[in-house]
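Letters go in sequence order (proteins before strands), and every chain restarts at 1.
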Amino acid sequence: MAKSVLTPQSEDFPRWYQEVIQKAEMAENGPVRGTMIIRPWGYAIWERIQKELDERIRATGHKNAYFPLFIPMPFLEREAEHVEGFSPELAVVTHGGGSELGEPVAVRPTSETVIGDAMSRWIQSHRDLPLLLNQWANVVRWELRPRLFLRTSEFLWQEGHTAHATWEDAQAETLRMHEVYADLMQSVLAIDPVLGRKTDTERFAGAEATYTLEALMRDGKALQMGTSHNLGQNFARAFDIGFSTPEGDRELCWMTSWGVSTRVVGALIMVHGDDRGLRLPPALAPAQVVVLAVRDETSDVCQRVSGELRALGLRVETDVDTHTGFGRRVTDWELKGVPIRIEIGPRDVEEDSMTLVRRDTGAKESVALGSAASVVPETLRTIQAELLGQATARQDEMTTDVENVDEIVSGDGNGFMRLPWVDVSADGERRLNEHGLSVRCLVAPEGSVPTTEGAIESSLAYVARAY
RNA sequence: CGGGACGUGGCGCAGUUUGGUUAGCGCGCAGCGUUCGGGACGCUGAGGUCGCGGGUUCAAAUCCCGCCGUCCCGACCA
């Protein structure tokens, strides 16, 4: 057994996290504090997420567009709660073209305001509704304590913005996208987050209701993986986004917004990663299989097997860099989390076989050279399913029911602690915050998302330490 | 902004307390050879304004002053 490449998770989880990002060549710090250089391997993972999510966003009838990075300050100020929520982390440009600007402009922390301004012109009639837009963009929220992927001053995301004729339509949209996110997490990222509603203290600045997806990382801390907001008429009022009804009355639109960011890459690392590195779900992995030549003389066979697998539509890397030691290459691919490694050496070729190794379990088996096309896809499906199964089981194990806030505050603060929301309330929430804990979300007793006052009253609070 | 450190080849560090040869070490990098089924090894080699500016001194990475920058800990967020 070779000595471990990474600091074990059990020894120092934050250090493990940093090391795995560095050694898997995913990302590094940019020259300005809080910025991130996303390296090809990390970016390829993000692009996979983008592709999967973009397809789902289009499939639900949304169109992509692009709005400016710079936002006039007065825009942000129009919605009182919105500006208050974002002003501490706002980056403001004061100079341009060599001189001080008369009107400073903000670098977007999110785009509700610019998009709202445009929508107010684009929407005139009920026939213009619903208006379903999405944009892929970078945003800036100045961070004092940055962490790669989890919290950076600039990050990449997708933000959806929609306008509807009724509250019911907006609510349906909010919940629909919440579900789209859940599907992405489960079927692609192999993570099964808790779907719930944010308390008023954690609600998005300017929203009427915020719905969230919260997952537990391996160290027992929670991470918000996505949010979907019902904005009510708050922004419609601030930006005068109205429409004429069929009856000829003028009414304000009901709006939503929803987003998923590069932060989910952090979740992926911390949910599935182990002491050997990343473990990527096949649906997401930029390379699902790496075919590795043990010796130079087996390179041709490797190329052939890779070709067969690519013909099936699989993403395949071929590693015939025999100049580098075998062990070294094995370790590197494990760090990068490629789900299946196929090793082909002289011994395999002699027996007309190859060695197939699963990254998730480490299990090795010798299979016939000709069977790649049948064995590999099957194994990829198995890995995808088992990663989700493991992650879900671990999260369940780390979720405990508790009696009251005292019990939480006196405990070790690990995992989700669940109790009736009425037993927490605003006062209990403050106490939790003082102890570095927070109510991550509220879930209705039957497991659904609470949408009414009554459902909130009877809901369960999920409490955890959070990233 | 308050508290604690740190700045020396690409990266990680030693050397600074007590000034004194040619500023070392590990990793990485280049060449050659032997290796190759779980981070290989040997030999050879390249690579340094010791954060910046000033001062003290025969002599400064080392002492003094100033500046700059970075990291860690305390009030927000996807």
Partner of A:H272 under side chain to side chain contact (heavy atoms under 4.5 Å, CB included), picked from A:L280, A:L284, A:L278, A:L387, is A:L387
Taking only the side-chain heavy atoms of A:V5 (C-beta and beyond), determine which of B:G39, B:G37, B:A78 contains the nearest atom. B:G39
Compare the minimum distances between each of B:C77, B:C36, B:G38 and the side chain of A:R151, then state the nucleotide with the smallest one. B:C77
Could you tell me whether the side-chain ring of A:F155 sits stacked on the base of B:A78, using a centroid cut-off under 5.5 Å and a plane angle under 30°? yes
With sugar-phosphate meaning primed atoms plus P, OP1 and OP2, does A:L144 contact a base, only sugar-phosphate, or nothing at under 4.0 Å between heavy atoms? base
Sugar-phosphate, base or nothing in reach of A:E143, heavy atoms under 4.0 Å: base
With a 4.0 Å cut-off on heavy atoms, is A:R341 in touch with a base, just the backbone sugar-phosphate, or nothing at all? base
Touch class at under 4.0 angstrom, heavy-atom based, for A:P346 against every strand present: base
Nearest to the side chain of A:R328, heavy atoms from C-beta on, is which of B:G28, B:C77, B:G38? B:G28
By the 4.0 Å heavy-atom rule, please label A:K364 as base, sugar-phosphate, or nothing. base
In whole angstroms, how far is the P atom of B:C76 from the CD atom of A:Q224? 15 Å
A:N414 and A:R465: side-chain donor and acceptor closer than 3.5 Å? no
For nucleotides B:U8 and B:G51, find the distance between their P atoms and express it as a whole number of Å. 6 Å
Can you check the distance between B:C29 and B:G10, where both ends of the measurement are the P atom (answer in whole Å)? 15 Å
Could you tell me the separation between the CD atom of A:E429 and the P atom of B:C76, rounded to a whole number of Å? 12 Å
